[in-house]
Amino acid sequence: MRRVCPRRLCIYIMTSEEPTSLLPSHIAIIMDGNGRWAQAQGKKRVQGHKVGMERARDIVAHCGKLGVQTLTLFAFSSENWSRPEEEVGFLMNLFVTGLTRESKTLHKNNVQLRVIGDVSRFDKKLQAAISKAEDLTRNNKGIVLQIAANYGGKWDIIQAVNKLISKIPNKSLAEPVTEQMLESELVGSDLPHVDLMIRTGGEKRISNFLLWQCAYSELYFSEKLWPEFNETALDAALSEYSNRQRRFGQTSEQVMAEQTK
Ligand code: FPP
């Protein structure tokens, strides 16, 4: 049985009268460590991305089964263009083949796919594959899968500011810009904020990912390299998350009092 906590859209998985674990509504993942994993196997870095794609597929399926509402995967940051040309080219091809190959399965599994980021810099073939997959899955009501590609948190905030400005008549502000106004122009503004951000590969950074949407996320850093991050590893992250107390600026006592209401 699932119950939605009204304040923050977190979902309790109920196995008895008391909530036994808290499932995040929105999980965001920085899939780091593909290159190192491949090198450790004596393979080329790009082979790590290929296996990373398989892991991404497993994790999407697992999150869908668990009832997670939104999963955002960081596939390519606005800073990743500075990687060697061969690696960038490989990743672009991987995205096209991945989208083409997986979109039917995603659709069959009721997944709604969205690509977030400045896709205008991608070549026409990739842009077409993105539009086709998004169109096919647009009305699906299962998990929302956001693939962040040529995405940066700063880019998102800047594009939101520019959209807001473009909507202001005569470009003169009658009233101050509010948090809500800005937020409504960010990508995925109809989705819950990130509850749990996971980064694999041992690094402890946010790397310009979902800066606004992660303002109050719980952070989970795994030493596992992304190709090793399987369903069991995700379950361990979820288990740790369910034991954290999310305070949103309140005191521990206030949170406990609210929970017993
Ligand atoms: C970071 O590892 C990973 C990337 C920049 C690419 C991530 C892409 C995939 C996992 C493919 C899946 C794609 C989709 C569309 C879901 P790294 O190369 O920085 O690893 P390193 O730290 O070991 O060098």
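All residue numbers in this chain count up from 1 along the given sequence.
Atom CE of M256 sits in a sparse spot, with 12 or fewer heavy atoms from other residues, nucleotides or ligands closer than 6.0 Å.
In summary, the side chains of R246 and Y241 do present a donor paired with an acceptor at a separation below 3.5 Å, with no hydrogens or angles considered. Side-chain N/O atoms of H193 and E183 include a donor and acceptor closer than 3.5 Å. At a cut-off of 3.5 Å, with distance as the only test, no side-chain donor of Q39 or K43 sits close to an acceptor on the other residue. Side chains of H62 and N230: no donor on one and acceptor on the other come within 3.5 Å. Judged by distance alone, the side chains of E240 and N243 never bring a donor and an acceptor atom under 3.5 Å apart. With 3.5 Å as the limit, one finds no donor-acceptor pair spanning the side chains of Q213 and H26. No side-chain donor-acceptor contact under 3.5 Å links W155 and N208. In this model, no donor atom of one side chain and acceptor atom of the other lie less than 3.5 Å apart for R114 and T137. Defined by atom type and a distance below 3.5 Å, a donor-acceptor pair is present between the side-chain atoms of R247 and Q245.
Scanning both residues, R199 and R205, for their nearest heavy atoms gives NH1-O, 2.9 Å. Heavy atoms only, all atoms of each residue included: L234 and C63 are closest at CD2-SG, 3.6 Å.
In this structure, L211 and I206 have side chains that are in contact, with non-hydrogen atoms separated by less than 4.5 Å. A heavy-atom distance below 4.5 Å is found between the side chains of L73 and L145.
Two different hydrophobic clusters hold W37 and L91 under the rule that ILVMFWY side chains link at heavy-atom gaps under 4.5 Å.
A salt bridge is defined here as a Lys NZ or Arg NE, NH1 or NH2 lying under 4.0 Å from an Asp or Glu carboxylate O, and K204 with E223 meets this definition. For R121 and D118, the salt-bridge test fails: no basic side-chain N is under 4.0 Å from an acidic carboxylate O.
Ring geometry for F122 against W81 counts as tilted: the plane angle lies between 30° and 60°, on a 0 to 90° scale.
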